[in-house]
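The sequence lines fix the lettering, A, B, ..., with proteins before strands; numbering per chain opens at 1. Below, each value reflects all heavy atoms present in this structure, side chains not excepted, and no hydrogens, waters or symmetry copies.
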Amino acid sequence: DAMVIQNPRYQVTQFGKPVTLSCSQTLNHNVMYWYQQKSSQAPKLLFHYYDKDFNNEADTPDNFQSRRPNTSFCFLDIRSPGLGDAAMYLCATSRPTGGGETQYFGPGTRLLVL
Amino acid sequence: AQSVTQPDIHITVSEGASLELRCNYSYGATPYLFWYVQSPGQGLQLLLKYFSGDTLVQGIKGFEAEFKRSQSSFNLRKPSVHWSDAAEYFCAVGALRATGNQFYFGTGTSLTVIP
């Protein structure tokens with residue numbers, strides 16, 4: 001089945017230690033998104049790639065970076081995680097259709113910062 | 001500016017009872033509307049979506065939603081709730097941008113189902 005895969009499902013890191021979260025997709029979608037979701041809150045868009053074009057949200061901290069080496073993979077790098085970065089990180093994909101395309105979400109990676 | 005409001009933070013219903021989750025949106029153009037469900041520790045699963053046409057849309061798991069332009073609403077309904085429906089429900093509006101469709105999510109409604 002075509003899908004969005006996130007690895008790992010759970011990630012524990014230390015305060016200030018860089019961490020990378022991974023997302024891959026078999027849907028061949030042009031657009032890949034990264035969201036941060038804290039407990040009992042709505043997902044918050046951090047940034048997204050339209051093909052190779054990176055689009056950062058204005059309020060995304062510089063501590064968060066992303067890479068998309070090819071269509072299938074997208075990475076979220078947190079350079080110096082703080083306690084406030086503990087959250088669920090969701091990857092999503094979509095294919096622009098000129099209308100309201102659907103976003104397809106992965107299962108998420110739960111990040112714990114010690 | 002685009003926004004989505006889910007007025008009910010938490011709802012409790014008995015198994016077998018009917019369910020309605022409210023969603024109101026603010027958007028200047030024709031909205032693209034979605035309902036997602038999220039089980040604990042999981043990602044978001046699409047329940048249904050409205051792009052155009054029939055204002056009553058059917059989704060998975062027996063859910064339906066009705067788009068009412070005059071009320072700027074897109075409420076989710078289910079005639080008979082099952083215990084497995086307990087989850088967090090998010091309404092979202094999709095806004096077209098040149099760089100892809102941006103979603104604006106509501107803050108979610110947590111559903112508890114009691115036996």
Side-chain angles (χ1 to χ4, degrees), chain A residues 3-10 21 23 25 27 29-58 68 74 87-112, chain B residues 1-10 23 25 27 29-53 57 59-60 65 67 74 87-112:
Chain A
M3 55 181 16
V4 181
I5 303 161
Q6 290 188 246
N7 286 307
R9 294 294 310 279
Y10 299 91
L21 309 183
C23 177
Q25 54 129 342
L27 298 162
H29 283 173
N30 302 74
V31 190
M32 295 186 77
Y33 306 80
W34 279 105
Y35 289 86
Q36 179 192 63
Q37 186 183 24
K38 296 189 176 180
S39 182
S40 302
Q41 296 184 19
K44 178 182 180 297
L45 182 63
L46 295 173
F47 28 58
H48 71 280
Y49 274 93
Y50 191 123
D51 292 325
K52 293 184 178 181
D53 294 331
F54 178 71
N55 300 273
N56 198 32
E57 295 302 301
R68 188 178 186 185
C74 194
M88 173 77 90
Y89 290 87
L90 297 168
C91 175
T93 73
S94 72
R95 178 192 296 278
T97 59
E101 69 266 18
T102 301
Q103 290 189 15
Y104 295 89
F105 285 82
T109 295
R110 170 78 62 187
L111 178 67
L112 179 63
Chain B
Q2 298 86 353
S3 67
V4 176
T5 302
Q6 294 181 245
D8 304 305
I9 296 174
H10 186 245
C23 173
Y25 68 90
Y27 187 61
T30 300
Y32 302 107
L33 296 162
F34 305 81
W35 275 100
Y36 285 86
V37 60
Q38 185 178 35
S39 297
Q42 302 296 315
L44 276 70
Q45 180 183 20
L46 179 69
L47 281 177
L48 47 79
K49 59 188 178 184
Y50 171 78
F51 289 173
S52 64
V57 294
I60 62 170
F67 170 59
F74 189 56
E88 189 86 15
Y89 291 80
F90 290 96
C91 180
V93 61
L96 272 179
R97 296 199 300 191
T99 57
N101 199 15
Q102 178 169 2
F103 273 31
Y104 296 87
F105 283 94
T107 51
T109 297
S110 177
L111 175 65
T112 297

Legend entry - Neighbour count above 12 (heavy atom, 6.0 Å) for B:Ile9 CD1: no
Legend entry - Proximal component of A:Gln41, with respect to chain B [non-hydrogen, under 4.5 Å]: backbone
Inset, instruction - Can you tell which part of A:Gln6 gets under 4.5 Å to a heavy atom of chain B, answering side chain, backbone, both or neither? - result: neither
Inset, instruction - Answer with yes or no after comparing the ring centroid distance for A:Tyr35 and B:Phe103 against a 6.0 Å cut-off, counting only values under it. - result: no
Legend entry - Spacing of A:Phe105 atom CZ and B:Phe90 atom CZ [to the nearest 0.5 Å]: 9.5 Å
Legend entry - Reported OG1-to-OH distance for the pair A:Thr102 and B:Tyr32, which is rounded to 0.5 angstrom: 11.5 Å
Inset, instruction - Before giving the answer on side chain to side chain contact (heavy atoms under 4.5 Å, CB included), spell out for B:Gln42 and A:Arg9 the whole-Å C-alpha distance, their side-chain angles and the decisive distance to 0.1 Å. - result: CA-CA 9 Å; B:Gln42 302 296 315; A:Arg9 294 294 310 279; 3.8 Å; yes
Legend entry - Among A:Ala92, A:Cys91, A:Pro43, A:Gly108, residue most engaged with chain B (heavy-atom pairs, under 4.5 Å): A:Pro43
Legend entry - Between CG on residue A:Leu90 and CD on residue B:Gln38, distance to nearest 0.5 Å: 6.0 Å
Inset, instruction - Counting only heavy atoms closer than 4.5 Å, note whether B:Leu44 contacts chain A via side chain, backbone, both or neither. - result: both
Legend entry - Best-contacting candidate, B:Gly108, B:Gly41, B:Ser110, B:Gly106, against chain A by heavy atom pairs under 4.5 angstrom: B:Gly41
Legend entry - Region of B:Tyr50 that comes under 4.5 Å of a non-hydrogen atom in chain A: neither
